[in-house]
Amino acid sequence: MGQPAHDTTTAESETPSDPSPTEAAPESRTEAATPPPADSLTEAGPETEAAHETSASPADSTTEAAPEFTGAAAMFANDRASQHLGITVDDHGPGWAQCSMTVTEIMTNGHDITHGGYVFLFADTTFAMACNYPGSITVASGGDIDFLKPTYLGDELVARGHEVVKQGRSGIYDVTVTRGDDIIATYRGRSRTLPARK
C-alpha cells in the first residue's frame with residue numbers, strides 16, 4: 001500500500017491539474033521505468049509487465065525445462081512414430097489408457113480407406129500406454145487385430161485399452177478402436193516386462 005501512495009504523490013506534483021490520482025500513478029511509473037521498451041508497457045500495462053517479470057521468470061524456467069516424465073508419459077514423450085501420426089494421449093492410469101487419432105491422407109490406402117497398419121499402430125500405442133504406466137519397460141510380445149469396419153480420411157478415432165490380466169512379467173490387454181458409436185477394430189496385445197537394467 002505504501003508504494004502506490006508514493007507514486008500518486010509524485011504524479012500529483014508533476015500534473016497538478018489531473019483530478020484522478022489513481023490514473024496518474026501508472027503514468028508516473030511508466031515514465032520512471034525507462035529500461036523496458038515503451039510499446040511493451042503500453043500493451044501489457046506496467047503492473048502486468050512488472051508482475052510478469054517477477055512471477056514468470058521462475059515459472060518459465062521450470063516450464064521450459066524438460067518436465068520429469070515417468071512411466072508411460074516418459075515413453076510417449078520419446079515415441080516419435082506415434083507423435084508423427086498425430087496420436088494424442090487423452091488420459092491414462094494403471095492398466096488403462098485412452099488415445100485419439102485423426103485419419104490423414106498419408107494413412108489411406110489404394111481403396112481410399114485407412115490402411116490397417118495405421119489402425120494397428122494406433123491400437124498398439126494405446127496398449128503400450130496402458131501396460132507401461134507403472135514405469136517399468138514393457139514391450140509387446142505379440143498382438144492381434146480384427147478390422148470390423150473401414151474408416152476414411154478425416155475420421156476421428158478413439159482407442160480405449162485396459163488390462164485383462166497381469167501375471168508376473170506377462171500381461172494381456174484389450175483395446176477397442178471406435179469412430180463415434182461404431183467399433184471399427186478390436187486389438188489384443190500380449191505384454192512382457194523386461195528385467196530392470198543393471
Side-chain angles (χ1 to χ4, degrees), residues 59-198:
D60 285 350
S61 62
T62 304
T63 304
E64 290 175 4
E68 288 295 323
F69 291 125
T70 59
M75 177 205 68
F76 189 78
N78 289 322
D79 188 342
R80 291 173 292 280
S82 297
Q83 291 177 23
H84 177 71
L85 295 180
I87 295 173
T88 59
V89 179
D90 302 329
D91 202 358
H92 68 297
W96 66 273
Q98 177 176 310
C99 297
S100 297
M101 181 183 79
T102 300
V103 178
T104 62
E105 189 172 19
I106 196 69
M107 299 178 189
T108 58
N109 64 17
H111 299 296
D112 286 329
I113 62 177
T114 310
H115 192 295
Y118 288 107
V119 178
F120 185 97
L121 190 154
F122 177 47
D124 190 62
T125 295
T126 307
F127 154 68
M129 290 299 298
C131 64
N132 276 278
Y133 186 86
S136 55
I137 299 175
T138 303
V139 297
S141 62
D144 301 295
I145 193 164
D146 291 301
F147 302 109
L148 306 176
K149 290 185 178 182
T151 59
Y152 304 93
L153 176 65
D155 282 353
E156 296 180 2
L157 309 182
V158 175
R160 297 175 181 89
H162 68 277
E163 181 181 284
V164 176
V165 64
K166 182 78 180 291
Q167 294 180 344
R169 292 195 290 123
S170 298
I172 296 176
Y173 294 77
D174 283 346
V175 179
T176 302
V177 183
T178 60
R179 176 192 54 209
D181 294 331
D182 293 331
I183 298 175
I184 63 105
T186 58
Y187 167 100
R188 171 159 282 192
R190 298 177 294 282
S191 70
R192 184 70 173 169
T193 300
L194 303 181
R197 291 175 179 166
K198 297 180 180 179

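Taking the side chain as every heavy atom from C-beta outward, Asp90 and Thr88 approach each other to under 4.5 Å. Within the 4.5 Å cutoff, no side-chain heavy atoms of His92 are placed close to those of Cys99. Counting only heavy atoms from C-beta outward, the side chains of Asp112 and Leu153 never approach each other to under 4.5 Å.
Put simply, CD on Gln83 and OG1 on Thr125 are 10.0 Å apart, with the number rounded to the nearest 0.5 Å. Separating the OG1 atom in Thr186 from the CD1 atom in Ile145 is a distance of 7.5 Å, to the nearest 0.5 Å. The CZ atom of Arg169 sits 4.0 Å away from atom CZ of Arg192, with the distance rounded to the nearest 0.5 Å. To the nearest 0.5 Å, atom CG of residue Leu157 and atom CZ of residue Phe122 are 5.5 Å apart. Annotation: the span from Asp174 atom CG to Thr126 atom OG1 amounts to 12.5 Å, rounded to 0.5 Å.
Considering every non-hydrogen atom in both Ala130 and Gly161, the closest pair reads CB-O, 4.4 Å. Taking all atoms of both residues into account, the shortest heavy-atom contact from Arg188 to Ile172 is NE-CG2, 3.5 Å. For Ala185 against Val119, the heavy-atom pair with the smallest separation is CB-CG1, 3.9 Å. Looking at every heavy atom in both residues, Tyr118 comes nearest to Met101 through O-CE, 4.1 Å. Residues Leu121 and Ser82 come closest through the heavy atom pair CD2-OG, 4.2 Å. Between Met129 and Ala73, the shortest heavy-atom contact is CE-N, 4.4 Å.
Within the structure, the ring-ring contact (aromatic ring centres under 6.0 Å, His included) test picks out the following pairs touching residues 174-198 (sequence neighbours left out): Phe120-Tyr187, Phe127-Tyr187. Among residue pairs with one or both ends in residues 142-163, those qualifying as side chain to side chain donor-acceptor pair (under 3.5 Å) are Gln98-Arg160, Thr114-Thr151, Asp144-Arg190, Lys149-Asp182, Asp155-Arg179, Arg160-Thr178, Glu163-Tyr173; sequence neighbours excluded.
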Take Thr193 and Thr138, measure what side chain to side chain donor-acceptor pair (under 3.5 Å) needs, and give me the verdict at the end.
CA-CA 4 Å; Thr193 300; Thr138 303; 2.9 Å; yes

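Taking a 6.0 Å sphere around CG of Leu194, one finds it holds more than 12 heavy atoms contributed by other residues, nucleotides or ligands. Around CD1 of Ile183, the count of heavy atoms belonging to other residues, nucleotides or ligands within 6.0 Å does not exceed 12.
In terms of the ring pair (Phe, Tyr, Trp, His ring centres under 6.0 Å) criterion, Phe76 has no residue partners (sequence neighbours excluded).
Looking only at distances, a side-chain donor or acceptor of His115 sits under 3.5 Å from a matching main-chain atom of Gly117.
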